Amino acid sequence: MQHFIVIGNPIAHSKSPDLHHTFADSVGLDISYRRQLCPDDKDSFHAVVEAFFNGGGVGANVTLPFKEIAFELCSQTGSLSEYATTAKAVNTLALRDGKLFGDNTDGRGLVADLLDEGVTLQGAHIAIIGAGGATRGAILPLIEQGARLTIFNRTLARAEALKADFEEFGSIDINELHTLKSGDFYADVIINATSATTTGQTLELSDGVRAGFAYDMMYGKPSEFLAHFDRQGVRCCDGYGMLIQQAKLAFELWTGKRIDLDKVDWDKYINNKINS
């Protein structure tokens, strides 16, 4: 049996165990995947990771608030994928040649979900609201798909820092978030990468802000962001598919098994969620 964990604080809400057990069932693997609550400090995280992999663990997912700490740990003691390097955050840990390897599957999970929804990314103008870690993880995968990006943020300096960090990969336009409160703006795809949906905050968008497709990276709660575009008749999607796609990439990295989402028993997954 192969052993996996997801490390976070809090962690009881995580759907990762159900997802990965369902993936494993679809390819005939016997695995154990559990939630690991970790005290919110660097030393505790390092101790959990060391104990897990020294004990024969195969792979670990990392969620809030440890993604940046995991990035730092892999930078100092192991290696990083290009996606983790540019995101400056790690959500997937594995061993390579006996050393920690950190990857970030979030942005590629977003891209996979957008493509699965039939969204054309090549040549598309994509607006992203927010300049935090979620946006940082999404930039390189979107640029690789040939998208043109505009980032809106309350603090322009933070968006400018992102632009500078990704100059070698492609040009990014930036703007202040308040410009979306008045006037007209159109993007082929507009993405909410802020935590406004989960914190109950409201993103004030003028009626002139329109899009061909609207996507909120958050899921599980009503989204005023998506409601704005739904009222316009715009096709909308939350981030639940991104959750599945990023988990799929992590599972494939760890096991070498390709997951066909069309062959996954989603009824079993839903039952697992209800019973967990």
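Worth knowing before you read on, the calculation uses all heavy atoms, side chains too, and leaves out hydrogens, waters and symmetry mates. Note that the structure is a prediction, hence the values are computed from the model and not measured.
Closest of all the heavy-atom pairs between Phe225 and Ile190 is CZ-O, 3.8 Å. Residue Leu80 comes nearest to Ser75 through the heavy atom pair CD1-OG, 3.2 Å, listed as atom of the first residue, atom of the second, then distance. Taking both residues in full, the closest heavy atoms of Thr105 and Ala250 are given as CG2-N, 4.1 Å, listed atom of the first, atom of the second, then distance. The minimum heavy-atom distance between Gln232 and Asp207, with the atom names listed, is NE2-O, 3.4 Å. Between Ala127 and Ala187, the closest heavy-atom pair is CB-CB, 3.9 Å. In this structure, Ala87 and Gly137 approach most closely via the heavy-atom pair CB-CA, 3.7 Å.
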Trace of the side-chain contact (heavy atoms from CB on, under 4.5 Å) decision for Leu149 with Asp173: CA-CA 6 Å; Leu149 304 183; Asp173 293 327; over 6 Å; no
side-chain contact (heavy atoms from CB on, under 4.5 Å) assessment of Phe251 paired with Leu29: CA-CA 11 Å; Phe251 187 91; Leu29 284 182; 4.0 Å; yes
Working for side-chain contact (heavy atoms from CB on, under 4.5 Å), residues Phe101 and Ser81: CA-CA 8 Å; Phe101 171 74; Ser81 71; 3.8 Å; yes
Salt bridge (Lys or Arg N to Asp or Glu O under 4.0 Å) between Glu252 and Lys248, worked out: CA-CA 6 Å; Glu252 292 173 345; Lys248 171 181 177 289; 3.0 Å; yes
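For Arg235, the CZ atom sits in a packed shell: over 12 heavy atoms of surrounding residues, nucleotides or ligands are nearer than 6.0 Å. Counted within 6.0 Å of CG on Asn54, heavy atoms from surrounding residues, nucleotides or ligands total more than 12; the atom is thus considered enclosed. Atom CG of Asp97 has 12 or fewer neighbouring heavy atoms from other residues, nucleotides or ligands inside a 6.0 Å radius.
The shortest side-chain heavy-atom distance between Leu205 and Phe229 falls under the 4.5 Å cut-off. Residues Leu162 and Arg136 meet the side-chain proximity criterion, which asks for heavy atoms closer than 4.5 Å. With contacts defined as side-chain heavy-atom distances shorter than 4.5 Å, the pair Ile128/Leu142 qualifies. Val62 places a side-chain heavy atom less than 4.5 Å from the side chain of Phe45. Asp116 places none of its side-chain heavy atoms less than 4.5 Å from the side chain of Leu114. Annotation: side chain of Val209 is not in contact with side chain of Asp184 (no heavy-atom distance under 4.5 Å). Looking at heavy atoms from C-beta onward, Val234 lies out of side-chain contact with Arg210 at the 4.5 angstrom threshold. Here the side chains of Phe53 and Val58 are not in contact, with every heavy-atom distance at 4.5 Å or above.
A donor-acceptor contact closer than 3.5 angstrom links the side chains of His20 and Asn61. Under the 3.5 Å distance criterion, with hydrogens and angles disregarded, a donor-acceptor pair is assigned to the side chains of Ser44 and Asp41. Using modelled atom types, one finds a donor on one side chain and an acceptor on the other under 3.5 Å when comparing Gln246 with Asn91. Side chains of Tyr215 and Asp113: a donor on one and an acceptor on the other come within 3.5 Å. Using modelled atom types and a 3.5 Å distance limit, the side chains of Thr92 and Asp103 yield no donor-acceptor pair.
Cluster annotation: Ile69 is connected to Val90 through the hydrophobic network of ILVMFWY side chains, with a link wherever side-chain heavy atoms come within less than 4.5 Å. Under a hydrophobic-cluster definition in which Ile, Leu, Val, Met, Phe, Trp and Tyr are linked whenever side-chain heavy atoms come within less than 4.5 Å, directly or via other members, Tyr240 and Leu19 are assigned to the same cluster.
Of the charged side-chain nitrogens involved, none lies within less than 4.0 Å of a carboxylate oxygen, so that Arg108 and Glu144 do not count as a salt-bridged pair. A salt bridge links Lys88 to Asp165: at least one charged side-chain nitrogen sits closer than 4.0 Å to a carboxylate oxygen.
The aromatic rings of Phe185 and His125 sit perpendicular, their planes meeting at an angle over 60°, well past the 30° parallel limit.
Atom OG1 of Thr86 and atom CD1 of Ile139 lie 8.5 Å apart (nearest 0.5 Å). For the atom pair CZ (Phe213) and CG (Leu121), the distance works out to 10.0 Å, reported to the nearest 0.5 Å. In this structure, Ile126 CD1 and Gln145 CD are separated by 9.0 Å, a value rounded to the nearest 0.5 Å. For the atom pair CD1 of Ile31 and CD of Gln2, the computed distance is 8.0 Å after rounding to the nearest 0.5 Å. How far CG of Leu226 is from CZ of Arg231: 10.5 Å, rounded to the nearest 0.5 Å. For the atom pair Ser26 OG and Arg258 CZ, the distance stands at 10.5 Å (nearest 0.5 Å).
Between the Asp238 side chain and the Asp216 main chain, no donor and acceptor come within less than 3.5 Å of each other. Remark: the backbone N or O of Leu249 is not paired with any side-chain donor or acceptor of Trp254 at under 3.5 angstrom. In this structure, the side chain of Asn153 does not engage the main chain of Leu156 through any donor-acceptor pair within 3.5 Å. With Ser14 contributing its side chain and Ile11 its backbone, the two residues share no donor-acceptor pair below 3.5 Å. A donor-acceptor pair is defined here as one N or O able to donate and one able to accept, closer than 3.5 Å; no such pair exists between the side chain of Ser32 and the backbone of His3. In terms of modelled atom types and a separation under 3.5 Å, the side chain of Thr155 and the main chain of Ala157 share no donor-acceptor contact. Using a distance-only test at 3.5 Å, with no hydrogens or angles considered, a donor-acceptor pair links the side chain of Asn104 to the main chain of Ala89. A donor-acceptor distance shorter than 3.5 angstrom exists from the side chain of His21 to the backbone of Tyr33, with no hydrogens or angles considered.
Here the rule is side chain to side chain contact (heavy atoms under 4.5 Å, CB included) with Met217, and of Ile191, Asp106, Ile129 only Ile191 fits it.
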